[in-house]
Amino acid sequence: MDFERRRHLARSLSLVATAPLASLALSACSARERAPDVGYTLLNGTTAQLKAQQGKVMLVNFWATSCTTCVAEMPQIVSTHEKFKGRGYDTLAVAMSYDPPAYVASFAEQRKLPFGVAIDNTGAVAKAFGEVRLTPTTFLLDKKGGIVKKYVGAPDFAALHGLIEDLLKEA
């Protein structure tokens with residue numbers, strides 16, 4: 001075996017050997033990244049701060065009416081909301097800045113969305129969550145406002161429901 005191949009093999013083995021330790025160190029760290037305390041305006045004109053939702057498990061979904069995956073997943077987001085809403089769970093759907101407000105309002109009204117729908121007309125909410133650009137992008141927050149999971153694309157709703165169940169049990 002030539003020198004370059006041996007060096008590459010040694011580097012690969014070194015990475016394989018240290019990967020479990022890095023994984024263990026990450027799982028031992030229980031502190032969750034905090035969700036930004038952003039303000040938003042709902043379709044009905046009321047304003048709110050995300051921090052006011054602490055004490056609830058929250059699903060924050062960035063979406064657009066022009067996004068086929070967003071439109072396809074919305075019935076499951078609605079059913080998830082309906083399933084858990086009486087137990088300290090809430091949903092916030094944040095329409096992207098490029099989505100025409102009239103389209104968002106029409107979509108929400110036609111489908112009778114049972115949760116808050118905000119229009120992020122300046123892009124400030126998406127920016128605060130780490131420059132969200134792809135839709136759908138969804139964040140699951142714990143009762144303390146920590147980001148538990150970020151989904152880019154449609155989540156596995158069965159797994160999401162299990163995670164929500166676990167979070168609702170947390171103090």
Side-chain angles (χ1 to χ4, degrees), residues 30-99 101 103-171:
S30 64
R32 294 177 176 145
E33 179 186 348
R34 308 266 316 146
D37 182 23
V38 292
Y40 52 90
T41 303
L42 298 173
L43 285 176
N44 66 9
T46 60
T47 58
Q49 289 288 128
L50 191 58
K51 187 175 184 172
Q53 298 297 325
Q54 281 191 3
K56 293 180 181 179
V57 174
M58 285 287 297
L59 189 78
V60 180
N61 174 252
F62 290 87
W63 67 290
T65 58
S66 59
C67 164
T68 55
T69 303
C70 301
V71 172
E73 79 173 359
M74 197 58 76
Q76 290 176 290
I77 290 177
V78 169
S79 66
T80 300
H81 179 80
E82 293 295 338
K83 180 176 181 172
F84 296 107
K85 71 179 181 182
R87 297 176 48 202
Y89 171 86
D90 204 357
T91 304
L92 175 65
V94 181
M96 298 297 283
S97 62
Y98 54 81
D99 211 355
Y103 289 13
V104 175
S106 176
F107 183 94
E109 184 180 316
Q110 288 175 0
R111 288 162 181 82
K112 298 181 182 2
L113 297 183
F115 42 75
V117 177
I119 297 177
D120 188 17
N121 57 4
T122 65
V125 180
K127 184 176 182 174
F129 270 88
E131 299 285 347
V132 172
R133 293 172 198 248
L134 299 174
T135 57
T137 296
T138 305
F139 294 86
L140 183 62
L141 312 180
D142 64 19
K143 293 177 184 178
K144 296 176 183 170
I147 297 173
V148 176
K149 186 108 173 146
K150 175 184 177 182
Y151 302 91
V152 177
D156 171 343
F157 280 91
L160 173 64
H161 288 192
L163 190 50
I164 292 169
E165 286 284 358
D166 292 344
L167 291 171
L168 289 171
K169 293 174 188 171
E170 287 183 0

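Just so it is clear, the values below take in all heavy atoms, side chains as well, and ignore hydrogens, waters and symmetry mates.
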Legend entry - Taking every non-hydrogen atom, the tightest pair across Arg34 and Ile147: O-CD1, 4.1 Å
Legend entry - Parallel, tilted or perpendicular: rings of His161 and Phe84 (30°, 60°): perpendicular
Legend entry - Shortest non-hydrogen contact from Glu73 toward Ala154: OE1-CA, 3.3 Å
Inset, instruction - Decide if atom CD of Glu33 counts as having more than 12 heavy atoms of other residues, nucleotides or ligands within a radius under 6.0 Å. - result: no
Legend entry - Gln54 side-chain N/O to Lys144 backbone N/O, donor-acceptor pair under 3.5 Å: yes
Legend entry - Geometric class of the His81/Tyr89 ring pair [parallel <30°, tilted 30-60°, perpendicular >60°]: tilted
Legend entry - Under 3.5 Å side-chain donor-acceptor pair for Asn61 and Thr138: yes
Legend entry - Side-chain heavy-atom pair Thr69, Thr135 within 4.5 angstrom cut-off: no
Legend entry - Residue list, ring pair (Phe, Tyr, Trp, His ring centres under 6.0 Å) with Phe107, at least two apart or on another chain: Trp63
Legend entry - Residue list, salt bridge (charged side-chain N to carboxylate O under 4.0 Å, His left out) with Lys85, at least two apart or on another chain: Glu82
Legend entry - Residue pair Asp99 / Asp120, side-chain heavy-atom distance below 4.5 Å: no
Inset, instruction - Give the minimum heavy-atom separation between Leu141 and Val148, together with the two atoms involved. - result: C-CG2, 4.2 Å
Legend entry - Minimal non-hydrogen separation, Thr65 against Val71, with atom names: O-CG2, 3.6 Å
Legend entry - Set of residues satisfying side-chain contact (heavy atoms from CB on, under 4.5 Å) with respect to Thr47, sequence neighbours excluded: Thr41
Legend entry - Result of checking Val60, Val152, Val94 against Thr137 for side-chain contact (heavy atoms from CB on, under 4.5 Å): Val152
Legend entry - Least distance between heavy atoms, Leu167 atom then Arg32 atom: CD2-NH1, 3.9 Å
